[in-house]
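No experiment lies behind these values; they were computed from the predicted model shown. For ligands, and for the atoms within them, numbers begin at 1 and follow the listed sequence.
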Amino acid sequence: MKRIVTIQDISCLGKCSLTVALPIISAMGVETAIIPTAVLSTHTMFSRFTVKDLTDQIAPVTEHWKEENLDFDAIYTGYLGSFEQIDLMKDMFDKFRTDSNIIFVDPAMADNGKLYPAFDEAFAKHMATLCAKADVIVPNVTEASFMVGMEYRAEYDEAYIKEMLQKLSALGAKVSILTGVSFREGMTGVMGYDSTKDEYFFYEHKKHPYSYHGTGDIFSSTCIGAMMNGFDWKEAVKIAADYTAECIRLTIEDGKLQWYGVHFEQAVPYLLKRIGK
Ligand code: PXL
């Protein structure tokens, strides 16, 4: 069985970060070790939330794992709360990188043209230095614009997205995957660039009329879970996009418009069928 470690916060209620990564990747048949970076009462899109920072636990956990000679087929970072946590992740990558494992960074920090409440532009630039050490990165268009210093646009053409992918790729990752790429009304998708092959890939699907929190984390968890199941990054992107869209569809169908997160649980059978399990 493949083993992955994912490092992000626990938002106790809110269906994002570890409370989606752990169940989704585990359901895909991949052992999922975690390092919780903080415990929050809810994610930060609620008007108020509590936070207990766990930064001081990160080095002791990774040092113990090193003593036990543990290794991981993938290291996946999501929402990180501080410059110090980003630096600790760099150390962790240096310690646990092997010839064959995948370092996967989701620079979860912004959406819809805005940084999340806890962050500023300097943080985004620092996150770019973590992306530089990854094999695969999965920013959305907003996160990418802050990291590469391009103006955020709600409407754009293919040239804008390709320029963004080139600039992301120049940070250093082999594969850059840009989510929330929409070239036409009613459709959304994902465009990726593989710098080792100078190859672009675009996948689009119908855009649902509502957007929900936590869907970026669901996309990333599914994408790395699919890669751990032997799918190449392009197939993994399709699986992750389709599963995320299915989660949104089921949430809308339920009719209660639960804004803070989607019904990812009900779509797990769809996901398992999709990956042939
Ligand atoms: O889904 C990203 C995310 C993860 N963790 C926390 C968040 C957010 C987005 O706002 O606040 C704590």
Side-chain angles (χ1 to χ4, degrees), residues 4-25 32 34-55 57-58 75-86 88-89 104-121 123-124 126-128 130-131 134 136-147 152 177-180 188 190 208 210-225 240-241 243-245 247-248 251 258-265 267:
I4 180 173
V5 55
T6 181
I7 305 102
Q8 27 189 330
D9 69 278
I10 296 184
S11 290
C12 296
L13 181 143
K15 301 212 220 187
C16 67
S17 44
L18 281 183
T19 64
V20 299
L22 186 50
I24 291 171
I25 301 167
T32 311
I34 60 167
I35 303 182
T37 52
V39 177
L40 293 85
S41 53
T42 61
H43 59 58
T44 64
M45 294 293 127
F46 282 77
S47 56
R48 194 182 83 77
F49 50 88
T50 67
V51 191
K52 169 72 180 170
D53 182 78
L54 298 174
T55 303
Q57 297 302 302
I58 296 173
I75 304 172
Y76 155 34
T77 66
Y79 184 102
L80 298 170
S82 63
F83 282 63
E84 190 183 356
Q85 287 188 354
I86 291 174
L88 283 161
M89 289 305 101
F104 187 98
V105 171
D106 179 352
M109 58 184 172
D111 208 358
N112 299 314
K114 282 201 213 116
L115 287 158
Y116 294 151
F119 305 128
D120 60 15
E121 288 185 26
F123 182 85
H126 205 58
M127 186 63 93
L130 186 67
C131 288
V136 180
I137 58 173
V138 281
N140 59 36
V141 174
T142 306
E143 289 155 351
S145 72
F146 280 106
M147 289 197 295
Y152 171 79
I177 297 170
L178 203 44
T179 62
T188 188
V190 183
H208 289 294
Y210 299 100
S211 66
Y212 293 89
H213 215 66
T215 48
D217 300 339
I218 289 170
F219 176 87
S220 293
S221 301
T222 312
C223 189
I224 188 64
Y243 174 61
T244 307
C247 294
I248 296 171
T251 312
Q258 176 191 272
W259 64 275
Y260 65 77
V262 291
H263 293 9
F264 76 92
E265 305 88 342

Region of H213 that comes within reach of ligand 1 [heavy atoms, distance under 4.0 Å]: side chain
Considering residues, nucleotides and ligands other than E121, do more than 12 of their heavy atoms fall under 6.0 Å from its CD? no
Please report the closest heavy-atom contact between C12 and S41, naming both atoms and the distance. CB-O, 3.6 Å
Has T37 got a side-chain atom pairing as donor or acceptor with D9's backbone, closer than 3.5 angstrom? yes
CD1 of I10 to OG1 of T19: how many Å apart, nearest 0.5 Å? 8.5 Å
Close approach of G216 to ligand 1, heavy atoms, under 4.0 angstrom: no
I58 and Q85: which non-hydrogen atoms are nearest, and at how many Å? CD1-CG, 4.2 Å
Protein contact of atom 1 (O) of ligand 1 - nearest heavy atom, named by residue and atom, plus distance: D217 OD2, 2.7 Å
Note the single closest protein heavy atom to atom 5 (N) of ligand 1, along with its residue, its atom name and the distance in Å. D9 OD1, 2.7 Å
Residues F123, Y116; criterion ring-ring contact (aromatic ring centres under 6.0 Å, His included); working and verdict: CA-CA 11 Å; F123 182 85; Y116 294 151; over 10 Å; no
Quick note on ligand 1: atoms under 4.0 Å from a heavy atom of M45 include exactly 10 (O)
Considering the heavy atoms of C16, write down every atom of ligand 1 situated less than 4.0 Å from one of them. 1 (O), 4 (C), 5 (N)
Checking V105, I35, V5 against T77 for side chain to side chain contact (heavy atoms under 4.5 Å, CB included), the one that qualifies is V105
Just go through L18, T44, L40 and tell me whose heavy atom is the nearest to atom 11 (O) of ligand 1. T44
Counting heavy atoms only, which of Y79, F49, Y260 comes nearest to atom 4 (C) of ligand 1? Y79
Answer yes or no: does an N/O atom from H43 fall short of 3.5 Å to an N/O atom of ligand 1? no
